[in-house]
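Throughout, numbering of the chain's residues begins at 1 and tracks the sequence. Whatever order the structure lists them in is the order used to number ligands and atoms, beginning at 1. The figures that follow rest on heavy atoms only: side chains count, while hydrogens, waters and symmetry mates do not.
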Amino acid sequence: MSQVRVRFAPSPTGSFHLGSARTALFNWLYARHTGGTFILRVEDTDGERNTPEALNVLLQGMRWLGLVWDEGPEVGGDFGPYFQSQRKAIYDEYLQKLWDAGRVYEKDGAVFFKLEGERYSEYDEYLKMEVEKVRTEPQTIDDAVRGQVVRAEERDFVIVRSNGKPVFHLVNVVDDISMGITHVIRGEDHLSNTTKHCELFNAFGAPLPKFAHIPMILNSNGPGKMSKRGDGVHVEDYERRHFLPHGLVNFLVLLGWNAKDDQELFTLKELIEKFDLPGIQKGNARFDEKKLAHINTEQIRRLPLAEFLEMALPVLGEAEIQLDDPVYAEQVLALCQEKTRSLAELPEFVAYFFDESFAFDDKAGERIFKKGEPLDRLAEVETALAGVKAWDADSINQAFADLAAAQGQEKPFAWFPITRFAVSGIGAGPDLIPMLSIMGKDRVLTRMEAFLARYPEGE
Ligand code: GLU
């Protein structure tokens, strides 16, 4: 077991933003890569927004993504409590250390942290008040992503507000120290806080953790930061839309991290193996929903059939597709797995396999009826298929080949579009021959007959 201890420290807001999820993922992967510990710490000091429902959205999102935490809510651990709202005694104790060391002073009811070094004047003698120090010599932060970051100016800063509430900088650092955090991996928006945090670590005599500030995520179009609100910016939107959790994970990891060889599709095992801090990029990442959809599709194709079935069957159930014959249902899903673009689309994609009253796509129909004599062709296919004895892909193939040969054609492709249309009502779908084979002889012939009966002779 390595000594690495990383944490994800969200403030629950009622939704789980993809940017936050990305931070959680980077921490989780780093812990798994190094054999370290992944801690979930809830920064719930913003009273009103921190409801049990808000926490639940977060925990559910983490579980759905598979980001299991080793210490934190529900699982506990030796460094708890894991809710900031329950750690007041610890903050008081650390604050007292700063008073004892003469590193704080009070002004206007608030407690200020004193920067080290020469002060312009320790006291304003007349007012008997501590004078705020502004330090102008540059400070350097050592960041695993950004390298040496120089920050020019720093001044004494408030660590307890006049209403008695400790400020983010204090509680964040106290938690990192008291939880033994070794690496702080978080969004670049916190880079500007990091000099303050370093000052506090030093004042407490604690070693600095390694910092890794991960790049911002920009909107897909334009220079702005990725939106905070709206459909499609939260983890729960993708759970609702039946995305594959691993599809989202694979997409999120690429928002600011690259494998050395530019590989884009990963198994979880590969990600754990390959993820490391040097692969995190400095430049901003860009949120691209099309890319997310593409990665999701690719990951669906790569799922072992059993896992695909486990995910797909409930989705079809929800869409009220009648799956009376489980063996047939599994064959259909196995056939469609590599063709469907998403689990959300799947019910529509496979509906005609299970429902005799499937609809006909007019556009596809028009296209097919423009060429040749499709009804004649269909009648020929019907006769040919009616003669197939052992109904399997090979025999069906043979029947089409014979039909083509009898008419002096090398390939039977001219008979395919109308056949597909008659049995499915659409112009595209899984490969025709295996589809006919799975549908079964009765269903195929019944559908063809019904189709031919719909059209008066000669149309
Ligand atoms: N609660 C802070 C946030 O959500 C945590 C910052 C940190 O990781 O240090 O941004």
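- Between the side chains of Arg87 and Ser178, at least one donor N or O sits under 3.5 Å from an acceptor N or O.
- At a 3.5 angstrom cut-off on N or O pairs, Pro10 does not count as close to ligand 1.
- Among all non-hydrogen protein atoms, the one lying nearest atom 5 (C) of ligand 1 is Ala9 O, 3.2 Å.
- Distances below 4.0 Å separate heavy atoms of His190 from the following atoms of ligand 1: 2 (C), 3 (C), 6 (C), 10 (O).
- The closest approach between Arg7 and ligand 1 falls below 4.0 Å for a heavy atom of the residue.
- When Phe201, Phe157, Phe112 are each tested for a ring-ring contact (aromatic ring centres under 6.0 Å, His included) with His169, only one passes: Phe157.
- Taking 4.5 Å as the limit, some side-chain heavy atom of Phe287 sits within range of a side-chain heavy atom of Phe251.
- Ring orientation note: the planes of Phe8 and Phe16 are tilted relative to one another, at an angle of 30° to 60°.
- In terms of protein heavy-atom proximity, atom 1 (N) of ligand 1 is nearest to Glu43 OE1, 2.6 Å.
- Within the structure, the closest approach of Asn172 to ligand 1 falls below 4.0 Å when heavy atoms are considered.
- Using modelled atom types, one finds no donor on one side chain facing an acceptor on the other under 3.5 Å when comparing Glu43 with Ser11.
- Heavy atoms of Asp176 found under 4.0 angstrom from ligand 1: none, in either backbone or side chain.
- In summary, the aromatic rings of Tyr328 and Phe354 are positioned with their centroids under 6.0 Å apart.
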